[in-house]
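Here the structure comes first, spelled out in structure tokens, and everything after it is commentary.
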2 protein chains.
Amino acid sequence: MAETDDARRAAALERLMTVGRQNSAVTVMFHSAIAAKQGLNATEGKTLDYLQRQGPLTAKDLAELTGLAPASVTGLVDRLEAKGFVRRVKHPTDKRRVLVEPNEAKLAELAGFFEDWTRDIVEVCAQFTTDELETVNRFLAVMTEQQRKATARLTD
Amino acid sequence: MAETDDARRAAALERLMTVGRQNSAVTVMFHSAIAAKQGLNATEGKTLDYLQRQGPLTAKDLAELTGLAPASVTGLVDRLEAKGFVRRVKHPTDKRRVLVEPNEAKLAELAGFFEDWTRDIVEVCAQFTTDELETVNRFLAVMTEQQRKATARLTD
DNA sequence: GCAAATATTTCGTTCGGTCGAACTAAAGAC
DNA sequence: GTCTTTAGTTCGACCGAACGAAATATTTGC
């Protein structure tokens, strides 16, 4: 029954596209809702993402990552600092440089925002066996990498 | 061996959180990269999303959906029209109203943007059995709904 | 040491996106 | 038929965020 198997797979793939696109759209909205709730614009949110993932970065690093002019980074960091999300720290060896350090407490507070969200997730996961969750994990990991590459391709 | 099962599940859940967050971050970046490539800002992108999903909408509808003032919607539609993504159409029965109609051709062109992306996805999916893909679909559908509710909770 | 290079900030300017208020046109109420 | 309400646009103004150029501080190279 190769044909019905093929049909079933084709259906699964098509549905994956649909559901994946819906999920993407909702994810974007969720993110922007959270950012808005904290008075962060897109640039600021992206910057915090980078800092959270990579730890302290210099202004120059941030300029490259965000694609902003040096002068703009100064303003960006000023705003984030005023809101308490980061602080400027002198670079240990090169005093020209400024390290922008994320405020862990503030980010934890942000994580607190996710708390009931996390609880909901776990609850929803009750519908899935551990094996299934591992499949999902594997899938998400692969897709994330694929999408990361696609993004890089777009922005080069 | 209930304990090791518990441990395995806990590990799977924790990993899900991590990988899920990474995936979200990348998704957001991917979206904003696509939007930027087309010269669209966040508001314009969101508006096109609504139009694509719900079909033609009046300026008033858009004002409510986006949370913008009427005057701002005029400007928003002007910009989208100038870029060729939408057109204004007279409402059939109420001549005060303006229907904002998405340009299917232009959106298809946008879909073309996704073409090689889609190809990559399918390729990546070769690593998964059809059963696994169906599990993923089920998971994504559930998570999408959950996240949709969470977003609504944040923006009310 | 001193000149050139590098990292960041300051300053003045510009621009896009939003707003409120006033205006126009059409629909609905009575 | 007038009066009120509703939909959308125009206009003038404002604000946040970005930029380039010049200034400052520090490091590197010779």
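In what follows, every chain begins at residue 1, and chains take the letters A, B, ... in the order their sequences are listed. As the structure is a computational prediction, the values presented were derived from the model and not from experiment.
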Task: A:V98 backbone acceptor or donor facing A:K90 side chain under 3.5 Å - done: no
Task: Salt-bridge contact A:D61-A:R97 (side-chain N to carboxylate O under 4.0 Å) - done: no
TODO: Could you check which residues of residues 55-65 of chain A get a heavy atom under 4.0 Å from DNA chain D? Sort them by number, please.
DONE: none
Task: Polar side chain donor-acceptor pair, A:R9 to B:T130, under 3.5 angstrom - done: yes
TODO: Measure from the side-chain N and O atoms of A:S72 to the backbone N and O of A:L68, and report whether any donor-acceptor pair falls under 3.5 Å.
DONE: no
- [ ] Taking all non-hydrogen atoms of both residues into account, name the closest pair between A:T135 and B:F128 and its distance.
- [x] O-CE2, 4.1 Å
Open item on the list: Between A:E132 and A:T129 (side chain of the first, backbone of the second, donor and acceptor by atom type, cut-off under 3.5 Å), is there such a pair?
Closed with: yes
Open item on the list: Closer than 4.0 angstrom, basic N to acidic O: yes or no for B:R88 and B:E101?
Closed with: no
Task: Heavy-atom pair of closest approach, residues B:T66 and B:K46 - done: O-NZ, 4.4 Å
Task: Length of the line joining A:K90:NZ and D:dT24:C1', which is rounded to integer Å - done: 13 Å
Open item on the list: Quick check on B:E14: does its CD atom have over 12 non-hydrogen neighbours (other residues, nucleotides or ligands) under 6.0 Å away?
Closed with: no
TODO: Quick one, give me the B/S/- string for nucleotides 17-30 of chain C, reading 5' to 3', where B means a protein heavy atom under 4.0 Å from the base and S means that only happens at the primed atoms, P, OP1 or OP2.
DONE: SSBBB----BS---
Task: Nucleotide C:dT8, atom P - distance to CG of A:L80 in whole Å - done: 15 Å
Task: Strand contacts (DNA chain C) in residues 97-104 of chain A, 4.0 angstrom heavy-atom criterion - done: A:R97, A:V98
Open item on the list: Just N and O in the side chain of A:R88: are any of them under 4.0 Å from OP1 or OP2 of C:dT8?
Closed with: no
Task: A:V86 backbone acceptor or donor facing A:N103 side chain under 3.5 Å - done: no
